[in-house]
Amino acid sequence: MLTLDQVKLKSMSKVEKLHPVLVAATVALIERCYARGVNIAITQGLRTIAEQDALYAQGRTKPGQIVTNAKGGTSYHNYGVAIDFALLLNDGRIVSWDTELDVDKDGISDWMEVVDEANKLGFEWGGDWTSFKDLPHLQKTFGLSTTQLRAGKKPTEAQVAAAYAVIDKLQGEVKEDMSKIAELEQVIEAQEGRISALEKRLNVSGKETYAKDYEKAIQVAKDAGIITSSADKSKIELNVITMLVNVGLANKALISFFKNFKSEVK
């Protein structure tokens with residue numbers, strides 16, 4: 001399982017050049033999705049005009065499918081206020097654009113869980129568009145058109161402050177959720193430790209013994225008449241025999257007890 005830091009590291013090169021509000025919102029999105037059991041990777045962030053023109057040419061003057069209707073300067077990516085995402089699969093090396101995938105098995109597609117969290121953070125989703133649906137696309141435009149952004153207009157201080165307020169409020173919630181996850185992981189780790197200790201005591205792995213000299217314990221049991229041979233005995237039966245020897249109870253009086261135990265085990 002990937003840690004949150006590992007998941008975030010996958011996207012940092014795409015995130016760090018965004019508008020500061022988008023940086024905060026995108027990091028919050030990654031963290032909130034992680035708390036829901038969904039890992040995502042940011043596949044596109046700030047895109048230069050030249051990169052946008054090359055992308056626009058795809059499927060038109062260059063091979064490939066058409067993936068955008070925006071020429072250079074007309075995409076919100078060109079101003080650092082848009083991102084594209086994909087699902088990051090558990091090995092951390094593969095991304096998926098499967099909108100029906102439900103890795104966390106909660107009955108809701110992972111893709112729509114991301115969209116849900118994005119909406120809470122104030123993102124606009126390209127999947128809600130009618131003319132050209134762009135399912136991986138999320139943007140936060142502050143009510144500005146690309147023409148206004150191209151002319152140098154920027155979000156107002158009030159818009160920026162309002163956006164940060166939403167992010168900060170939601171981040172407080174996710175920190176509480178992550179704290180609960182950490183507590184649960186500690187409980188699971190403690191339980192695994194108890195199970196491991198119990199397996200060791202019961203010799204489930206077969207690597208532990210209850211006698212310093214195993215062969216000697218078997219011989220003592222033979223001499224006491226508890227067994228005649230160890231060749232046909234199961235691991236559990238041999239463990240019980242060894243324990244009897246260790247506590248000094250290897251005598252003929254326990255033969256009937258051992259036989260009853262043997263029949264119950266089988």
Side-chain angles (χ1 to χ4, degrees), residues 2 4 6-34 36 38-60 62-103 108-142 144-146 149-150 155 163 167:
L2 293 173
L4 177 57
Q6 288 173 324
V7 173
K8 288 197 289 189
L9 186 61
K10 296 285 183 179
S11 299
M12 282 305 101
S13 63
K14 301 293 184 181
V15 174
E16 59 190 7
K17 295 180 181 178
L18 296 170
H19 184 285
V21 171
L22 269 290
V23 171
T26 302
V27 171
L29 178 65
I30 294 171
E31 292 178 351
R32 289 183 65 82
C33 290
Y34 184 86
R36 290 182 67 160
V38 179
N39 297 336
I40 63 171
I42 306 307
T43 58
Q44 287 287 307
L46 177 65
R47 193 183 293 147
T48 66
I49 302 297
E51 289 171 336
Q52 188 68 40
D53 283 334
L55 197 62
Y56 181 80
Q58 183 176 313
R60 294 180 173 90
K62 293 183 178 180
Q65 293 182 330
I66 293 177
V67 293
T68 182
N69 283 337
K71 295 181 179 180
T74 65
S75 168
Y76 283 106
H77 280 287
N78 303 148
Y79 307 98
V81 292
I83 59 173
D84 292 342
F85 75 91
L87 301 176
L88 182 64
L89 301 189
N90 291 342
D91 62 4
R93 294 175 295 178
I94 301 174
V95 293
S96 171
W97 287 269
D98 185 348
T99 60
E100 302 298 323
L101 199 63
D102 184 17
V103 173
I108 306 171
S109 75
D110 295 346
W111 198 273
M112 293 312 299
E113 288 189 80
V114 179
V115 172
D116 179 52
E117 292 300 332
N119 286 334
K120 292 175 184 176
L121 287 161
F123 281 102
E124 176 187 349
W125 179 42
D128 287 329
W129 299 341
T130 55
S131 59
F132 184 86
K133 290 188 179 294
D134 191 352
L135 300 183
H137 184 89
L138 298 168
Q139 63 185 36
K140 188 184 286 285
T141 67
F142 304 97
L144 299 174
S145 68
T146 55
L149 290 168
R150 189 164 58 252
I167 296 167

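Only a predicted model underlies this, so the values are computations on that prediction, with no experimental measurement involved. We number each residue from 1, following the sequence as shown.
When atom types are taken as modelled, the side chain of K140 and the backbone of L121 share a donor-acceptor pair closer than 3.5 angstrom. No donor-acceptor distance shorter than 3.5 angstrom exists from the side chain of Y34 to the backbone of K8, with no hydrogens or angles considered. Distance alone, capped at 3.5 Å, is enough to place a donor-acceptor pair between the S109 side chain and the T99 backbone. A donor-acceptor contact shorter than 3.5 Å links the side chain of R150 to the backbone of G73. Side-chain atoms of Q139 never come within 3.5 Å of backbone atoms of V81 as a donor-acceptor pair (strictly under, hydrogens ignored). Under the 3.5 Å distance criterion, the side-chain polar atoms of D53 are matched with a main-chain donor or acceptor of G72. Here the side chain of Q52 pairs no donor or acceptor atom with the backbone of H77 at under 3.5 angstrom.
More than 12 heavy atoms of other residues, nucleotides or ligands lie within 6.0 Å of CZ in R60, so this atom counts as buried by the packing criterion. Counted within 6.0 Å of NZ on K133, heavy atoms from surrounding residues, nucleotides or ligands total more than 12; the atom is thus considered enclosed.
Rounded to the nearest 0.5 Å, atoms CD (E51) and CG (L46) are 8.0 Å apart. With rounding to the nearest 0.5 Å, the separation of CH2 in W97 from CG in D84 is 9.5 Å. Taken from NE2 in H137 to CG in D128, the straight-line distance is 11.5 Å, to the nearest 0.5 Å. Interatomic distance, I42 CD1 to I83 CD1, rounded to the nearest 0.5 Å: 4.0 Å. Note: T74 OG1 to Y56 OH = 8.0 Å, rounded to the nearest 0.5 Å. With values rounded to the nearest 0.5 angstrom, Q44 atom CD is found 10.5 Å from T68 atom OG1.
Of all the heavy atoms in T48 and N78, the pair that sits closest is O-ND2, 3.6 Å. Between A41 and V95, the shortest heavy-atom contact is CB-CG1, 4.0 Å. Scanning all heavy atoms of the two residues, the minimum distance from L138 to W125 falls at CD2-CD1, 3.8 Å. Here the shortest heavy-atom pairing between A86 and S96 reads CB-O, 3.6 Å. Considering every non-hydrogen atom in both M12 and V27, the closest pair reads CE-CG2, 4.2 Å. Summarising the geometry of T43 relative to K14, their closest heavy-atom pair is O-CE, 3.5 Å, with the distance given to 0.1 Å.
At least one side-chain heavy atom of Q58 sits under 4.5 Å from a side-chain heavy atom of V67. Residues P136 and D134 form a side-chain contact, since some pair of their non-hydrogen atoms from C-beta on lies under 4.5 Å apart. Within the 4.5 Å cutoff, the side chain of Y76 has no heavy atoms near those of the H19 side chain. No side-chain heavy atom of V103 sits under 4.5 Å from any side-chain heavy atom of L87. Two residues are said to be in side-chain contact when any heavy atoms from C-beta on lie closer than 4.5 Å; D110 and V114 fail this criterion. At a threshold of 4.5 Å between non-hydrogen side-chain atoms, the residues E31 and L4 count as touching.
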Checking side-chain contact (heavy atoms from CB on, under 4.5 Å) for the pair S11/I30: CA distance, chi angles, key distance, verdict?
CA-CA 9 Å; S11 299; I30 294 171; 4.0 Å; yes

Please lay out, stage by stage, how E117 and F123 fare under the test side-chain contact (heavy atoms from CB on, under 4.5 Å).
CA-CA 9 Å; E117 292 300 332; F123 281 102; over 6 Å; no

Check against side-chain contact (heavy atoms from CB on, under 4.5 Å), I40 and K10:
CA-CA 9 Å; I40 63 171; K10 296 285 183 179; over 6 Å; no

Kindly indicate, with the supporting measurements, whether the criterion side-chain contact (heavy atoms from CB on, under 4.5 Å) is fulfilled by F142 and V21.
CA-CA 10 Å; F142 304 97; V21 171; 3.8 Å; yes

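Here W111 and F85 bring their ring centres to under 6.0 angstrom of each other.
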